Participant: 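Mind looking over this structure? Questions follow.
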Number of protein chains: 2
Amino acid sequence: MKDIAKEANVSIMTVSNVIHKRKSKVSEKTEKKILEIINKYNYTPNMSARSLVNNSSKLIAFILYQNRKGERNLFENPFNTEVLAGVDKVLKENDYYLLVQSVSTLEEIYLIIKTWRTAGVIILGILPNEVSHLKENIDTPIVLIDTVTPNEAGVYTVGIDDRNGFQIATEHLIANGHKNIGFVSYSQILGGVDEQRYLGYVDVLKAHHIEINENLLFRYNKDKMNMDTFSDEIVKKKDFITGLVFTADFLAIEVMDSLKNKGIAIPDDISVVGFDNLSISQFTSPKLTTVHQDITTKGQEAAHILLKVLMEKKLN
Amino acid sequence: MKDIAKEANVSIMTVSNVIHKRKSKVSEKTEKKILEIINKYNYTPNMSARSLVNNSSKLIAFILYQNRKGERNLFENPFNTEVLAGVDKVLKENDYYLLVQSVSTLEEIYLIIKTWRTAGVIILGILPNEVSHLKENIDTPIVLIDTVTPNEAGVYTVGIDDRNGFQIATEHLIANGHKNIGFVSYSQILGGVDEQRYLGYVDVLKAHHIEINENLLFRYNKDKMNMDTFSDEIVKKKDFITGLVFTADFLAIEVMDSLKNKGIAIPDDISVVGFDNLSISQFTSPKLTTVHQDITTKGQEAAHILLKVLMEKKLN
DNA sequence: CTGAAAGCGCTTACAG
DNA sequence: CTGAAAGCGCTTACAG
């Protein structure tokens, strides 16, 4: 910038004004001259310097969070990476950049944000009871995906009507004559989207005067169980169960595979309905019946919300 | 930092020395005092300031590159995200951070690197003939994944013996009595890993005195074809073909699905062998026979190479 | 419309 | 072992 200013015989200030397109502040003539020099030298602004002055960077942190010791690889789950795809697309179009990390504690999140003075943060996997802690420790806008929480100032959420979605899933099985329908989810059911989905499941059973049977609720704790022992629990009750609703396609696919290996025919012995409509779900056999949600759109939505809030902040 | 220095009654310099663990330069007593204050205020260094001084940040760019107009979402491919998982893990353990973006031009890559003064870059999808251009425009260490290129100074590659891997895949079909084996890959075959795999395919056919039949080479151009018309080409030759080798599981899964929809039984009508051993490959039906490669390890490897080079740079 | 000054938080020589 | 100075590249008031 200094060199450009020298070559154009203007001050650094003027170059800065040109870069920031403050047209009213620079004559067209000098602007043109400076732009030429900028292009000639292929000048790129140094983000570190800018961030330092502004005490905020053009970085958005994208965090995959899972507060458990398990050595699970969060990037293996297509749901997470489809969200990432949406975020990538929108931020790129708006000259923001994406800092990605998977973490297992909230403190790691705080550290990233402070270290890089990120403009905002998008997080997957936060539980409702963690939101207030999060809010106290982060002073940039926060967007949570699939966390069911009241909108507080500074905390925005992206989600769908999970309860209704799951009513649809459950209703589908009922419509096909099923009564003994198992509910299969990951373990942290309290407060998360899975609770909403559970409520949708209950809604439908109740509407059809079917009693909720605790024995048909299967919760997969990824850290304490393996898929084999988990599916055994379902196998034990196979003569009773005729249908299963899953809160996630990814889980449905894994369980289906395990059940098939144990000689259970799907859908002949047990019918299955998933949730998410992951792109891989169409490749299972039989094709997984699933409730669609547009995952990439969730990511785009999250990014848009963040950008909007950031714009408003700037105007104040 | 200034505040910490003031409270400890030392200079900023001394605080800096403590933070960087230059033990020889600070007495144990002052060190302890300073560390206490650092903890008390939960001090986190400002990376922007550091990057500015060093003219290099603790950011590593992870780029998914595809030089085509197609609107393909690169995060949808589990291969890419499994690599990402490996990179994430290693960088996190070494206090580096990950800047992720999918791009469609080399210029976008250069821009990211200059803008953020990244310490290094890991790229997927570079073709061999693009390497020299890349090298001329990037002055940080570059690690290319699955690009077949001679090792030049500053450009490192992570890959496997693709030719041998594909010999194994092809040999598997031969061993099962197949002779008319189709080779299915994505379109950009020249110079990439697919060429190595093609050579492996040729090796085996030749060894068994089977002539290469141009009509059995299927190249899927994602931008110009759709899966339906592509699989039609295979269907046309279904009475002749008895086996197919695929250069990627992801492609195999999509094609298999399409073929099944068109009434082709797998493996009864046509046997299929994939490549990669994606975690989702085990969920297809029939389970995809595939040549294993440890994808996450490729990502870890890439990160390790980068860190090693960075360490060596520092020592000079 | 243009410019000189101060400062963001840190590090790197260098002097004591 | 400790410190004062200069500077990284940029922006934000402010003065002309």
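Each chain gets a letter, A, B and so on, in the order the sequences are listed, and its residues count up from 1. Just so it is clear, the model here is predicted, and its values are computed rather than measured. Just the heavy atoms: all of them, side chains too, but no hydrogens, waters or symmetry mates, feed the values below.
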Participant: Taking A:Glu28 first and then A:Lys32, would you say they form a salt bridge - that is, a charged N and a carboxylate O separated by under 4.0 Å?
Facilitator: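 No salt bridge links A:Glu28 with A:Lys32.
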Participant: Does A:Ser27 put a side-chain nitrogen or oxygen below 4.0 Å from OP1 or OP2 of C:dC1?
Facilitator: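 Answer is no, no contact under 4.0 Å.
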Participant: By nearest nucleotide on DNA chain D, pick out whichever of A:His20 and B:Ser11 is the more 5' one.
Facilitator: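 The residue mapped nearer the 5' terminus is B:Ser11.
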Participant: Looking at B:Ser48, does any N or O in its side chain come under 4.0 Å of the phosphate oxygens OP1/OP2 on C:dG9?
Facilitator: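 Answer no for this pair, as no side-chain N or O of B:Ser48 is under 4.0 Å from OP1 or OP2.
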Participant: What's the closest nucleotide to the side chain of B:Ser16 if the choices are C:dT12, D:dA13, C:dT11?
Facilitator: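 From the listed options, C:dT11 comes nearest.
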Participant: Looking only at the side chain of A:Pro45 (C-beta and beyond, no hydrogens), which of the listed nucleotides C:dT11, D:dC10, D:dA4 gets closest?
Facilitator: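 The answer is D:dC10.
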Participant: Side-chain N or O of B:Arg22 less than 4.0 angstrom from OP1 or OP2 on D:dT2?
Facilitator: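 B:Arg22 to D:dT2 OP1/OP2: no side-chain N or O under 4.0 Å.
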Participant: Tell me: CG of A:Asp3 to C1' of D:dC10, nearest whole Å?
Facilitator: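 Answer to the nearest Å: 14 Å.
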Participant: How close or far is atom P of C:dC10 from atom CE of A:Met47, stated in whole angstroms?
Facilitator: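 It is 20 Å, rounded to the nearest whole Å.
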Participant: Does the distance from a Lys or Arg side-chain N to an Asp or Glu carboxylate O, for A:Lys40 and A:Glu7, drop under 4.0 Å?
Facilitator: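 Salt bridge present between A:Lys40 and A:Glu7.
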Participant: Within the structure shown, what part of the strands sits under 4.0 Å from B:Asn54 by heavy-atom distance: base, sugar-phosphate, or nothing?
Facilitator: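 Sugar-phosphate contact only.
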Participant: Between A:Ser51 and B:Met47, is there a side-chain heavy-atom distance shorter than 4.5 Å?
Facilitator: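 Side chain of B:Met47 against side chain of A:Ser51, heavy atoms only: no contact under 4.5 Å found.
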Participant: Rounded to the nearest Å, what distance is computed from the CG atom of residue A:Asn17 to the P atom of nucleotide C:dA4?
Facilitator: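 Answer to the nearest Å: 14 Å.
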Participant: Determine yes or no for a side-chain-to-main-chain donor-acceptor pair under 3.5 angstrom, with A:Asp276 supplying the side chain and A:Leu278 the backbone.
Facilitator: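 No, because the side chain of A:Asp276 does not come within donor-acceptor range (under 3.5 Å) of the backbone of A:Leu278.
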Participant: Quick one: is D:dG9 close enough that its OP1 or OP2 comes under 4.0 Å of any side-chain N or O from B:Arg50?
Facilitator: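 Indeed not, no polar side-chain atom of B:Arg50 lies that close.
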Participant: The side chain of A:Val10 lies closest to which of these nucleotides: C:dG3, C:dT2, C:dC8?
Facilitator: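 That would be C:dG3.
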Participant: Tell me whether the OP1 or OP2 atom of D:dG3 has a side-chain N or O from B:Thr14 closer than 4.0 Å.
Facilitator: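 True: B:Thr14 side-chain N/O within range (under 4.0 Å) of D:dG3 OP1/OP2.
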Participant: On DNA chain C, does the nearest nucleotide to B:Met13 precede the nearest nucleotide to B:Asn46 from the 5' side, or the other way round? Give the residue.
Facilitator: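 With B:Met13 and B:Asn46 compared, the 5'-side residue is B:Asn46.
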Participant: Under a 3.5 Å cut-off for both distances, is C:dT2 Watson-Crick or wobble paired, and to whom?
Facilitator: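 Because both required distances fall under 3.5 Å, C:dT2 counts as paired with D:dA15.
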Participant: Any side-chain heavy atom of A:Val83 within less than 4.5 Å of one from A:Phe62?
Facilitator: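 They are in contact (side-chain heavy atoms under 4.5 Å apart), so the answer is yes.
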Participant: A:Thr30 near the nucleic acid: base, sugar-phosphate alone, or nothing, with a heavy-atom cut-off under 4.0 Å?
Facilitator: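 Counting heavy atoms under 4.0 Å across all strands, the contact made by A:Thr30 is with sugar-phosphate only.
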Participant: What's the closest nucleotide to the A:Leu52 side chain, out of C:dC8, D:dA13, C:dT2?
Facilitator: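 Selected nucleotide: C:dC8.
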